[in-house]
Protein chains: 2
Amino acid sequence: MKRKITLKDIAKELDVSISTVSKALKNSNEIGFDTREKVQAFAKLYNYKPNNIAVSLQNSRTKHIALFIPEIVHDFFTTVLKGVEEVAHKNGYNVLVCVSNESFEKEVLSMEMFARGGIVDGFIISLSKETQLKEDYNHLIEIENQGMPLVMIDRITDKVISDKVIVDDMRGSYTAISHLINQGRKRIALITTEDYISVGSLRKKGYKKALADHDIELDERLILTINNIEDSDKAIEKFIRETTFDAVMGVNDVFAVVAMKALQNQGKKIPEDVAIIGFSDGKLLKYAAPTISAVNQHGDEMGKAAAQMLIDRLESDKEAENYKTTVITTTLIEREST
Amino acid sequence: MKRKITLKDIAKELDVSISTVSKALKNSNEIGFDTREKVQAFAKLYNYKPNNIAVSLQNSRTKHIALFIPEIVHDFFTTVLKGVEEVAHKNGYNVLVCVSNESFEKEVLSMEMFARGGIVDGFIISLSKETQLKEDYNHLIEIENQGMPLVMIDRITDKVISDKVIVDDMRGSYTAISHLINQGRKRIALITTEDYISVGSLRKKGYKKALADHDIELDERLILTINNIEDSDKAIEKFIRETTFDAVMGVNDVFAVVAMKALQNQGKKIPEDVAIIGFSDGKLLKYAAPTISAVNQHGDEMGKAAAQMLIDRLESDKEAENYKTTVITTTLIEREST
DNA sequence: TTGTATGCGTTATCAC
DNA sequence: GTGATAACGCATACAA
């Protein structure tokens, strides 16, 4: 194990003091030109890099940020990660990823360990399903009490005051449904998640508002609420067998694509018989046959925005407050299914 | 900013020395029972957690590992990340993710910074395309020279000696093609990447060997090499327009699904007219219509294996050597397209 | 212009 | 049993 070279090593080798080396490497003009040259040359030669740990201990900042996502195998969160990583690296920060797997416990334990251990400087989190169900946000509040910046993204809660990045879920949904209505669709179904999932509930609201604004009566039988993701496929198939409609929106990509398959199996033509729209920025809808229209959430933009907000907090010495909520605008991607 | 509580704080509060507190918290029986109780109670009350940075500085181990992936918006790497994260956390390690974006430069710079800065204890890496093209692996060799463990995964190189986790690409491809042949397919096309991508070239080998072993003459015109991922869609469509075959394998999920769509647009029935098979563990093939058969690479297993190998190296004090290559077996998932 | 001393929070060694 | 001290690698206030 080739030990890493330290200031001390350079100092000894060049027969100067450690602090001289330290200053020389910072090009401080406290140090004579010759010494500076000499030290810098030597450091370059031996490829000296300051030990991050020591620097961190010194100023108690790790230059690491944590990103908590509920589930990685989900195009949306993947793009969020990509966005976060990009902005973080650009600003000299590293990203620690924690996949909560929708588990409250993992979210809480990991968060506490990251926070109290001084492992990261701040957090970006998209809440786990379980957390949203329990409505227990003490771990987040605790983070803030410790003075650590926190940015919530996508799956958020109003119970915690912090910076937030969301998408205009309600509006996106509203626009999509309006689009379907304007195309002449009358009976529009919705496949959604249970209400405790913040985004699902907002999308349902947008759906309802669009219907109301266009004087279409709400028919609760056209709304399918998936409570168990495991057998969502079966639930959707059953729903489609038993319900008739001429358009359907899924609050994510899988719901939309599963619905389409079920409809096709029933001999329905897409989009002639039934129009379909989903939520996603991923490949699933883009490569479906026919391609499926989507409300694009711009996960990468959200990730970038969140990272930037967090870093701004970290770099500013103001005592925080005046928390902001950034709303990323969804865009409707029209494809063959509508 | 509520300062975090330290040993010193506890010591002062309880009027004992810092080292007493330190030992008491470790339940050392050097310390009297009463003092231990008292200290531990106090620590629990104030939720004391040792400062990781200080501990790291002490023993020069961060308990962080870096995962380098070329591209995150790719189901395979996503599942790898999931696997790595799971095993890492189980063993008390955190995962720093770096997305190289297929860029040699980003790979090298990030790697050096992680290594020389003492930010992580070890690396798991899947090489960027550019790195494989340049065949410049000095950064990896440098890592090893510094005595830091390195595990290469999936996109690897023989030029660097280290622990490796791969999938039996050649065999997976061989099995898939043989399967097609046994079904009576005669003209089997292959959509692949350029040879410098290690896995692409292996999959092509498996393809060729399967043909040879079944006495089918190789027709180079049935092989499409995608050199620019950007316009792969167009290249595939053109290929399909100009070439006739009764089966096709794509070396990833996108190639397979794009091929299917192009074929369907031509009025071909899947699988009656043309059988299709892809490489992937993601949703894209699973939710296609018809569902597409796949060589499952088990990204999560690979990730888990890689993380375990790395951690084993880190926790063992042996002077390394005897590097291992773990081969994860692919499995053929038969779906509707074959 | 350079060097000394101190501290960041721990752990470990050694003395009391 | 308990505590003082040094050390990890660096930065910085303060001497010289």
Side-chain angles (χ1 to χ4, degrees), chain A residues 1-40 42-43 46-64 113 115-121 146, chain B residues 1-40 42-43 46-64 113 115-121 146:
Chain A
M1 170 72 147
K2 213 170 72 178
R3 215 174 47 71
K4 274 187 262 292
I5 182 171
T6 69
L7 290 186
K8 196 200 269 182
D9 299 328
I10 303 184
K12 198 180 335 174
E13 207 64 36
L14 262 42
D15 210 42
V16 291
S17 80
I18 294 180
S19 53
T20 302
V21 177
S22 173
K23 288 170 189 162
L25 287 176
K26 299 206 134 40
N27 224 335
S28 156
N29 42 8
E30 261 183 70
I31 304 297
F33 188 74
D34 291 352
T35 329
R36 254 188 282 171
E37 288 275 270
K38 192 175 57 174
V39 170
Q40 287 175 11
F42 190 91
Y46 285 91
N47 208 334
Y48 168 81
K49 286 271 163 38
N51 179 324
N52 249 277
I53 309 289
V55 176
S56 289
L57 184 57
Q58 182 74 217
N59 55 210
S60 45
R61 309 182 75 248
T62 61
K63 287 280 208 169
H64 292 341
M113 141 181 195
R116 309 210 69 98
I119 295 175
V120 299
D121 295 340
Q146 283 179 48
Chain B
M1 170 71 146
K2 212 169 70 179
R3 215 172 48 69
K4 273 188 263 293
I5 182 171
T6 69
L7 289 186
K8 197 199 268 184
D9 299 329
I10 303 184
K12 198 180 334 172
E13 206 65 36
L14 263 40
D15 209 44
V16 290
S17 80
I18 294 180
S19 40
T20 301
V21 176
S22 175
K23 286 170 191 163
L25 287 175
K26 297 205 136 41
N27 225 332
S28 156
N29 42 8
E30 261 183 73
I31 304 297
F33 189 73
D34 291 353
T35 331
R36 253 188 283 170
E37 289 273 271
K38 192 174 60 173
V39 171
Q40 288 175 12
F42 189 91
Y46 285 91
N47 209 333
Y48 167 81
K49 286 269 163 35
N51 180 325
N52 250 278
I53 309 289
V55 176
S56 287
L57 184 57
Q58 183 73 219
N59 56 207
S60 47
R61 310 182 74 245
T62 61
K63 287 280 208 170
H64 293 341
M113 142 182 193
R116 310 210 67 98
I119 295 175
V120 299
D121 296 338
Q146 284 179 48

### Message
Assuming nearest nucleotide by heavy-atom distance, tell me which of A:Ile31 and A:Leu57 is located more 5' along DNA chain C.
### Response
A:Ile31

### Task
Round to the nearest Å and state the distance from B:Ile18 atom CD1 to D:dT5 atom P.
12 Å

### Query
Measuring from A:Leu14:CG to A:Asp9:CG, what's the distance to the nearest 0.5 Å?
11.5 Å

### Query
Over how many whole Å does the gap from B:Asn29 atom CG to D:dG1 atom C1' extend?
11 Å

### Atom-pair distance (CG on B:Asp34; P on D:dG1), nearest Å
11 Å

### Task
In whole angstrom, give the distance that lies between atom CD of A:Gln58 and atom P of C:dT6.
15 Å

### Query
When the distance from CG of A:Asn27 to C1' of D:dA11 is rounded to whole Å, what number comes out?
16 Å

### Task
Establish, with yes or no, whether the OP1 or OP2 oxygen of D:dG9 is under 4.0 angstrom from a side-chain nitrogen or oxygen of A:Tyr48.
no

#### Entry: Nucleotide nearest B:Pro50 when distance is taken to its side chain, options C:dT10, C:dT4, D:dC10
C:dT10

### Message
What contact category does B:Thr35 fall into here, base, sugar-phosphate, or nothing, at under 4.0 angstrom with non-hydrogen atoms?
### Response
sugar-phosphate

### Task
Answer yes or no: side-chain N or O of B:Ser56 and base N or O of C:dT10 forming a donor-acceptor pair under 3.5 Å.
no

### Query
With distance as the sole criterion, do the side chain of B:Lys8 and the base of C:dG7 form a donor-acceptor contact below 3.5 Å?
no

## Note on the structure
Between NZ of A:Lys26 and P of D:dA13 the distance, given in whole Å, is 13 Å

### Message
Distance criterion of 3.5 Å, no angle test: do you see the side chain of B:Ser17 paired donor-to-acceptor with the base of D:dA4?
### Response
no

### Message
Whole angstroms only, please: what is the CZ-P distance between A:Arg61 and D:dA11?
### Response
15 Å

#### Entry: Contact under 4.0 Å: A:Ser19 side-chain N or O vs C:dG3 OP1/OP2
no

### Summary
Here the gap from A:Asn52 atom CG to B:His64 atom NE2, rounded to the nearest 0.5 Å, amounts to 10.0 Å

### Query
For the pair made of CG in A:Leu14 and P in C:dT2, what is the distance, rounded to whole Å?
11 Å

### Query
To the side chain of B:Leu7, which of C:dT10, C:dG3, C:dG7 is closest?
C:dT10

### Message
Let me spell it out: for each of B:Asp15 and B:Asn59, pick the nucleotide of DNA chain D with the closest heavy atom. Which residue's pick is nearer the 5' end?
### Response
B:Asp15

### Query
Just by distance, do the side chain of A:Gln40 and the backbone of A:Ala24 share a donor-acceptor pair under 3.5 Å?
yes

## Note on the structure
Looking only at C:dG3, D:dG3, C:dG9, the nucleotide nearest the B:Asn51 side chain is C:dG9

#### Entry: Separation of A:Ile53 CD1 from B:Asn59 CG (nearest 0.5 Å)
9.5 Å

### Task
Would you classify B:Thr6 as touching base, sugar-phosphate or nothing, given that sugar-phosphate means primed atoms plus P, OP1 and OP2, and contacts are heavy atoms under 4.0 Å?
sugar-phosphate

### Message
With a 3.5 Å cut-off and heavy atoms only, can you find an N or O donor on one side and an acceptor on the other between the side chain of A:Lys23 and the base of C:dG3?
### Response
yes

### Task
Would you indicate, yes or no, if C:dT11 has its OP1 or OP2 atom less than 4.0 angstrom from a side-chain nitrogen or oxygen of B:Ser22?
yes

### Task
Determine, stepwise, if the pair A:Asn47 / B:Arg116 fulfils side chain to side chain contact (heavy atoms under 4.5 Å, CB included).
CA-CA 9 Å; A:Asn47 208 334; B:Arg116 310 210 67 98; 3.6 Å; yes

### Straight-line distance of B:Glu37 CD to B:Ile31 CD1, nearest 0.5 Å
13.5 Å

